[in-house]
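Computation of the quantities below employed the complete heavy-atom set of this structure, encompassing side-chain atoms and omitting hydrogens, waters and symmetry-equivalent molecules.
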Amino acid sequence: MKNMADKKNRDERLERLMDRLAESVLGLSDEAILAETSEAGADPQRVAERTRLILRQASKALDNVHKHLSDLGHTVNSNDWYRGHSGYHNTCATCGSFVSFAAATGEMRGEALDGPCPESDRYAYRRREASR
Amino acid sequence: MARLLSFIDTRPQFASPKSALLVENNESLLTFLRTSLKNEGYAVRTAASRDEGLRAYRDFSPFNVVLIDYCVPPSNGARIAHWALPQTSGTALAMEIREMNPSQKMIIAAFDYQNAGQVPRPPELMNIPLLIDSRNFQLPRLLEKIEVERAIEALTPSDLLRLQRSADYRVQSLGRAACGRTGEDLLSEAQLRTLMGAGATREGRHWNKQVDFVWHLTGAMRSISSCWKRQFKDIEPYLISEFPIHDAEGQGHSPLDNVASGDAAADQLLIEKDEEDRVLATFKDDPEATQVLQGWLDGLTKDEIMSEYGLRKQYAAVVRRILKLLGRRNGGSRG
């Protein structure tokens with residue numbers, strides 16, 4: 001029992017330390033953070049742009065999945081995404097088919113991607129008409 | 001339910017300042033498009049029906065841009081049961097405008113879904129979607145997305161570096177619970193949840209615009225990393241050495257008492273002890289930094305550390321030294 005308590009204690013100590021570091025880094029001045037990154041041997045501009053790209057890619061991943069589903073005539077409520085073990089999950093509000101995507105890679109899966117929404121005939125008709 | 005907005009370019013008749021006519025009967029779409037156009041510096045005139053749009057064009061043209069909803073109804077308040085009539089009405093309006101202004105050339109292409117992406121338009125409006133899926137259209141989400149994307153572009157290099165470093169430390173704080181995730185994964189997750197957070201989503205993190213975006217993302221990362229930690233604890237595979245066995249007298253023993261290491265989960269304890277020792281060893285020649293680190297490890301607050309070790313004046317400088325050295329130790333692999 002003592003050893004389990006030791007483990008918990010070690011866990012908590014390290015967690016506290018890293019938490020404080022994570023908070024403290026936010027208080028660094030612009031000059032300090034730029035200088036530190038350079039001193040660590042990295043190019044601050046390059047690291048910063050890489051971080052911006054990560055943020056942009058997350059937006060793009062969500063856009064892609066919405067667009068893909070929309071192109072197939074599925075209706076997904078963006079408020080209904082929920083976190084599962086393998087990524088975010090949702091279902092088409094019209095036909096109930098399932099879709100998921102991985103946050104890290106943007107990879108999409110699920111029966112909703114197999115084809116057009118079967119309950120969305122009207123959508124298909126309009127699209128056909130419009131392309132004439 | 002796709003709705004096509006046709007772009008009619010009347011650039012030969014440039015008005016000053018830039019002006020746009022927007023014909024759209026869906027209030028949400030109208031708000032979104034009006035906001036998008038206004039953000040690009042356009043003075044926007046709106047109409048909710050074909051007839052109103054025609055009147056507006058006659059009375060106020062020239063416009064730099066005319067946007068017509070493919071499905072706009074023929075007149076205000078008309079109840080059209082069949083979808084084809086309003087669709088024809090949108091086409092008819094576009095054709096009438098073209099007759100009034102033969103200089104514009106792309107109206108036919110604009111009505112072809114296949115070519116919607118190729119319709120010529122002013123560069124500043126390239127990002128406004130021509131084809132809008134109105135069933136999936138959610139105005140708050142789109143407006144939130146626009147604001148979030150703007151906030152990302154407005155982040156300075158130092159903001160981004162602070163975010164990245166903070167994310168890295170957060171993931172390090174997870175230990176085994178990180179399950180191979182990196183600071184970049186944490187940032188990406190925080191961003192995703194922000195985008196999902198426009199409504200009452202279960203997983204989303206609403207960005208309260210009263211705090212800046214960096215603070216919002218760091219708050220989101222704190223919450224997500226805590227969640228990862230909790231989830232890991234729920235499913236954490238315990239090593240057999242972590243389960244004590246009780247003898248007849250009720251004394252606890254580890255199953256590994258009779259093997260080389262007497263410590264439960266000795267490997268994990270060693271990893272964590274190693275990390276703590278490594279951090280402290282980095283500052284072995286800096287007693288003030290060691291005191292601050294010990295204070296953090298023991299869970300003392302900033303005020304407690306300052307009064308306990310008499311570091312009231314030096315505290316901020318000591319923290320900077322700690323971050324600088326640890327940053328050098330951790331950051332060299334990036335960029």
Item to check | Trace of the side chain to side chain contact (heavy atoms under 4.5 Å, CB included) decision for Glu184(B) with Gln57(A) | outcome: CA-CA 11 Å; Glu184(B) 293 180 355; Gln57(A) 278 172 340; over 6 Å; no
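- Between the side chain of Arg162(B) and the backbone N or O of Ile33(A) there is no donor-acceptor pair closer than 3.5 Å.
- Under 3.5 Å, the side chains of Gln191(B) and Ser59(A) contain a donor-acceptor pair of N or O atoms.
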Next on the checklist: Determine whether Gln164(B) and Arg50(A) satisfy the following criterion, side chain to side chain contact (heavy atoms under 4.5 Å, CB included), listing intermediate values before the conclusion.
Outcome noted: CA-CA 10 Å; Gln164(B) 184 64 65; Arg50(A) 182 180 159 80; over 6 Å; no
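- A heavy-atom distance below 4.5 Å is found between the side chains of Tyr88(A) and Met196(B).
- For Leu186(B), no part lies near chain A; criterion is any non-hydrogen pair under 4.5 Å.
- The line from CG of Leu160(B) to OG1 of Thr37(A) is 11.0 Å long, rounded to the nearest 0.5 Å.
- Contact of Ser188(B) with chain A is made through backbone and side chain together, with heavy-atom distances under 4.5 Å.
- Residue contact with chain A, scored on non-hydrogen atoms closer than 4.5 Å, involves the backbone of Thr301(B) exclusively.
- Side chains of Ser24(A) and Tyr169(B) form no contact here, defined as non-hydrogen atoms less than 4.5 Å apart.
- Looking at Leu174(B), neither its backbone nor its side chain comes within 4.5 Å of chain A, counting heavy atoms on both sides.
- The residue among Glu31(A), Gln45(A), Arg56(A) with the most heavy atom pairs within less than 4.5 Å of chain B is Arg56(A).
- Across all their heavy atoms, Ala58(A) and Leu192(B) have their closest contact at O-CD2, 3.6 Å.
- Heavy-atom pairs under 4.5 Å with chain A peak, among Pro157(B), Ala167(B), Ser166(B), at Ser166(B).
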For residues 105-117 of chain A, which side-chain N or O atoms pair as donor and acceptor with protein atoms under 3.5 Å away, sequence neighbours left out?
from	atom 1	to	atom 2	distance (Å)
Thr105(A)	OG1	Glu107(A)	N	3.2
Glu107(A)	OE2	Arg109(A)	NE	3.4
Glu107(A)	OE2	Arg109(A)	NH2	3.4
Glu111(A)	OE2	Phe98(A)	N	3.2

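- In this structure, Leu14(A) and Leu297(B) approach most closely via the heavy-atom pair N-CD2, 4.3 Å.
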Item to check | Verdict with supporting geometry, Arg20(A) and Ile305(B), side chain to side chain contact (heavy atoms under 4.5 Å, CB included) | outcome: CA-CA 13 Å; Arg20(A) 297 297 282 274; Ile305(B) 293 171; 4.2 Å; yes
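- Rounding to the nearest 0.5 Å gives a distance of 8.0 Å between CG of Leu34(A) and OG1 of Thr156(B).
- Contact check on Asp298(B) versus Arg16(A) returns no salt bridge, with no Lys/Arg side-chain nitrogen under 4.0 Å from an Asp/Glu carboxylate oxygen.
- If you measure heavy-atom distances from Glu153(B) to chain A, the contacts under 4.5 Å come from both the backbone and the side chain.
- Here the straight-line distance linking atom CG of Leu17(A) with atom CG of Leu326(B) works out to 7.5 Å at 0.5 Å rounding.
- Nearest heavy-atom pair, Leu161(B) versus Ala48(A), reported as atom, atom and distance to 0.1 Å: CD2-N, 3.9 Å.
- No donor-acceptor pair under 3.5 Å is formed between the side chain of Arg170(B) and the backbone N or O of Ala22(A).
- None of Arg321(B), Lys324(B), Arg165(B) except one satisfies the salt bridge (charged side-chain N to carboxylate O under 4.0 Å, His left out) rule with Glu36(A); the exception is Arg165(B).
- Side chains of Ser173(B) and Glu15(A): no donor on one and acceptor on the other come within 3.5 Å.
- Residues Leu155(B) and Arg52(A) are in side-chain contact: their nearest non-hydrogen atoms beyond the backbone lie under 4.5 Å apart.
- Between Arg222(B) and Asp19(A) there is no salt bridge, since none of the side-chain N atoms of the basic residue sits less than 4.0 Å from a carboxylate O of the acidic one.
- Using a 4.5 Å cut-off on side-chain heavy atoms (C-beta onward), Glu23(A) and Lys302(B) make no contact.
- Note that CG of Leu187(B) and CG of Leu55(A) are 5.5 Å apart. Values are rounded to the nearest 0.5 Å.
- When heavy atoms are compared at a cutoff of 4.5 Å, Val148(B) does not approach chain A at all.
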